[in-house]
Amino acid sequence: ALTFDAEHPDRPALPGTAESIVATLARRATRATFFVQGRWALAYPGTVRSILADGHLVGSHSHYHAMMPLLTDEGIAEDLREAAEAIVDAAGLDPRPWFRCPFGEGADDPRVLAAVEAAGYHHVGWHVEAFDWQPSASATQVAEDIVAGVLAHGDGAVVLLHTWPMATEGALEPILDRLVDAGAALCRIDELSSVPAGVPG
């Protein structure tokens, strides 16, 4: 399962990268899962609507992209509520029950997870990542790391990528080519028999 965190970048990024990723997935008839930041949904409602129109699954990636363990219980609830309202406003979809903590922070914190679950969400972690957000990341290296990680993990692998790095945009076609050639069937996380809650340590 390919998953993409759709968020405001914390480094310079070219506009249109997310739209290009969505277009590539559509061209390849591949469905994925997008964890959408609420503020990003408000900024790019048309992109969120196109993600939904193409049959992708949408979950929440918080509203402010703050580290969840730094928030109070009330702060977590408010952040999740604002994110859900933003995604509903942008695309008419409630993102529950799918949620991913920004930076993965809080995925192993019982207090955070209890607050997330109280809001009606299930935290979704990942098995494979390529650190595509790093300035030094190249499309070639991102593709190599993702394919190697998926093949090493085997069935049920959940992949973490982001919608804003140029390296991800360039790596997506090679990732799809090589995984399909290896016999992988790509799907949304709600089509997996088991969804990881934690993140690689």
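All residue numbers refer to positions in the sequence shown, counting from 1.
- Between Ser20 atom OG and Arg27 atom CZ the span is 7.5 Å, to the nearest 0.5 Å.
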Verdict with reasoning, Arg28 to Asp177, per side chain to side chain contact (heavy atoms under 4.5 Å, CB included): CA-CA 10 Å; Arg28 298 294 298 267; Asp177 286 339; 2.9 Å; yes

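- Rounding to the nearest 0.5 Å places NE2 of His61 at 10.5 Å from CD1 of Ile87.
- Under the side-chain hydrogen bond (donor to acceptor under 3.5 Å, both in side chains) criterion, the residue pairs touching residues 111-124 are Asp73-Arg111, with sequence neighbours excluded.
- In this structure, Val88 is not a member of the same hydrophobic cluster as Val58, with clusters built from ILVMFWY side-chain heavy atoms closer than 4.5 Å.
- Side-chain atoms of Asp132 come within 3.5 Å of backbone N or O of His162 as a donor-acceptor pair.
- Distance check: Ile146 CD1 to Leu2 CG gives 8.0 Å after rounding to the nearest 0.5 Å.
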Residue pair His63, Glu78: steps toward the side chain to side chain contact (heavy atoms under 4.5 Å, CB included) verdict: CA-CA 9 Å; His63 193 66; Glu78 177 67 11; over 6 Å; no

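- Looking at residues two or more places apart in sequence or on another chain, you find a salt bridge (charged side-chain N to carboxylate O under 4.0 Å, His left out) between Asp5 and Arg100.
- In this structure, Glu19 has no salt bridge (charged side-chain N to carboxylate O under 4.0 Å, His left out) partners at least two apart in sequence or on a different chain.
- Counting only residues at least two apart or on different chains, the salt bridge (charged side-chain N to carboxylate O under 4.0 Å, His left out) pairs with a member in residues 144-166 are Glu144-Arg178.
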Criterion side chain to side chain contact (heavy atoms under 4.5 Å, CB included) on Val199 and Trp126, from CA distance to verdict: CA-CA 5 Å; Val199 302; Trp126 62 87; 3.3 Å; yes

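- With rounding to the nearest 0.5 Å, the separation of CG in Leu25 from OG in Ser50 is 10.5 Å.
- No donor-acceptor pair under 3.5 Å is formed between the side chain of Asp54 and the backbone N or O of His56.
- Going from atom OG1 of Thr163 over to atom OH of Tyr44 covers 9.0 Å, rounded to the nearest 0.5 Å.
- For the residue pair Gln37 / His65, no side-chain donor-acceptor distance below 3.5 Å is found, with atom types taken as modelled.
- The stretch residues 31-44 participates, sequence neighbours left out, in these salt bridge (charged side-chain N to carboxylate O under 4.0 Å, His left out) pairs: Arg31-Glu191.
- Remark: side-chain polar atoms of Thr33 are paired, donor with acceptor, to backbone N or O of Ile189 under 3.5 angstrom.
- Here the straight-line distance linking atom OG1 of Thr30 with atom CG of Leu172 works out to 8.0 Å at 0.5 Å rounding.
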Trp133 and Thr168: CA distance, side-chain angles, deciding distance, side chain to side chain contact (heavy atoms under 4.5 Å, CB included) verdict: CA-CA 8 Å; Trp133 46 267; Thr168 307; over 6 Å; no

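- In this structure, Leu52 and Phe34 have side chains that are not in contact, with every pair of non-hydrogen atoms separated by 4.5 Å or more.
- Between the side chain of Arg96 and the backbone N or O of Ala84 there is no donor-acceptor pair closer than 3.5 Å.
- Taking the side chain to side chain contact (heavy atoms under 4.5 Å, CB included) definition, one finds that Ala143 meets it with Ala171, Pro174, Ile175, sequence neighbours left out.
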